[in-house]
Amino acid sequence: MRFHTILLLVTFMGLIGIALKDYCFYVSRLDKKVINTRQSFTAKKFIAESFRNTCQGKGFKNLEEWQLCCRAIFKLEYIGWCQAQDFMIDDFADGGELMYGKWLVSGDMEECSDEVYCRKQGRDF
């Protein structure tokens, strides 16, 4: 082989190596983001649905138990609940008490933070 052929081959191999390194870097970043998004979605769905179920008398015994369990499972920075009438006007009061739940997460799962409303049916909390 001639020297210029070897030099050209080494140059192209270097460019391919740099492109593959960048590809691997962005694929790993995207994979971490997908995993984080999936975990955030699952946590948000579980917390909201379990709040609604608890307000309807299913699932957890009461909202205190819901609060303690969700905080422990998902390592929430804050989770709380109250009657929505404490901070807003509820024009549809005939359907039962309107309950409000809110949770905050910091760090990687920050998009998991959310709030939920539900009408309480049945038991007192």
Side-chain angles (χ1 to χ4, degrees):
M1 277 194 182
R2 295 185 179 194
F3 180 71
H4 69 279
T5 307
I6 293 174
L7 190 61
L8 192 61
L9 183 63
V10 168
T11 303
F12 282 129
M13 294 300 277
L15 291 174
I16 290 171
I18 291 171
L20 286 175
K21 181 187 94 36
D22 288 344
Y23 171 77
C24 291
F25 173 74
Y26 286 114
V27 165
S28 68
R29 249 178 71 185
L30 185 61
D31 186 50
K32 288 177 187 174
K33 189 167 182 143
V34 166
I35 290 170
N36 186 22
T37 303
R38 183 182 305 128
Q39 289 173 342
S40 295
F41 173 77
T42 304
K44 187 183 287 192
K45 183 176 178 183
F46 176 82
I47 295 169
E49 288 298 318
S50 62
F51 180 83
R52 289 186 194 107
N53 286 340
T54 303
C55 287
Q56 295 172 357
K58 302 181 268 183
F60 294 107
K61 286 188 281 188
N62 54 37
L63 289 172
E64 287 90 8
E65 184 180 336
W66 166 81
Q67 183 178 20
L68 293 172
C69 289
C70 289
R71 174 176 265 167
I73 291 171
F74 300 108
K75 297 172 182 54
L76 302 175
E77 186 175 311
Y78 168 80
I79 183 169
W81 58 273
C82 68
Q83 294 179 357
Q85 289 83 0
D86 292 346
F87 62 91
M88 64 182 274
I89 298 172
D90 183 17
D91 292 335
F92 188 69
D94 296 339
E97 289 181 278
L98 182 63
M99 301 302 290
Y100 168 75
K102 180 177 180 82
W103 59 96
L104 299 173
V105 184
S106 62
D108 293 340
M109 290 181 47
E110 192 170 325
E111 65 267 6
C112 178
S113 300
D114 207 355
E115 55 188 31
V116 64
Y117 292 88
C118 184
R119 293 252 173 229
K120 183 172 77 169
Q121 298 175 356
R123 317 173 306 202
D124 289 331
F125 292 98

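Note that this is a predicted model, so its numbers are computed, not measured.
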Exercise for review: Apply side chain to side chain donor-acceptor pair (under 3.5 Å) to E115 and list each qualifying residue two or more places apart in sequence or on a separate chain.
Suggested key: Y100
Check your understanding: Could you give the distance from NZ (K21) to OH (Y26), rounded to the nearest 0.5 Å?
Key -> 8.5 Å
Check your understanding: Got a second to check how far S106's OG is from K75's NZ, nearest 0.5 Å?
Key -> 12.5 Å
Review point. Taking C-beta and beyond as the side chain, do I47 and L76 meet within less than 4.5 Å on heavy atoms?
Key: yes
Check your understanding: Honestly curious: do I73 and L63 fall in one hydrophobic cluster under the side-chain, below-4.5 Å linking rule?
Key -> yes
Point to revise | Passing candidate, side chain to side chain donor-acceptor pair (under 3.5 Å) with K120, options Q83, E97, Q56 | key: E97
Review point. Quick one: does K44's side chain have a donor or acceptor within less than 3.5 Å of a partner on E111's backbone?
Key: yes
Exercise for review: Determine the interplanar angle of the F46 and F60 rings, folded into 0 to 90°, and report it as parallel if under 30°, tilted if 30 to 60°, perpendicular if over 60°.
Suggested key: perpendicular
Review point. Say you draw a straight line from CG of L9 to NE2 of H4; how long is it, rounded to the nearest 0.5 Å?
Key: 12.0 Å
Practice item. May I ask whether V105 and V116 are part of the same hydrophobic cluster, defined by side-chain heavy atoms of I, L, V, M, F, W, Y residues being less than 4.5 angstrom apart, directly or through others? Key: yes
Review point. Can you tell if the side chain of I79 reaches within under 4.5 Å of the side chain of W66, non-hydrogen atoms only?
Key: yes
Check your understanding: With a 4.5 Å limit on heavy-atom distance, are the side chains of D22 and I18 in contact?
Key -> yes
Check your understanding: In chain order, what residues pass the side chain to side chain donor-acceptor pair (under 3.5 Å) check against S113, with sequence neighbours excluded?
Key -> none
Review point. Around Y23, counting heavy atoms of other residues, nucleotides and ligands shown, do more than 12 lie under 6.0 Å from its OH?
Key: no
Point to revise | Minimum side-chain heavy-atom gap Q67-W103 below 4.5 Å | key: no
**Study point:** Atom pair CH2/SG of W81 and C70 - distance to nearest 0.5 Å
**Key:** 13.5 Å
Review point. With side chains defined as the heavy atoms from C-beta onward, is the minimum distance between F87 and C82 less than 4.5 Å?
Key: yes
Check your understanding: Out of curiosity, T42 OG1 to K45 NZ, how far, rounded to the nearest 0.5 Å?
Key -> 8.0 Å
Revision key, fill the gap. Nearest heavy-atom contact between L104 and K102 is CD2-CE, 4.0 Å
Revision key, fill the gap. When rounded to the nearest 0.5 Å, the distance separating CG of L7 from OG1 of T11 is 4.5 Å
**Study point:** Close side-chain approach of R119 to M99, heavy-atom, < 4.5 Å
**Key:** no
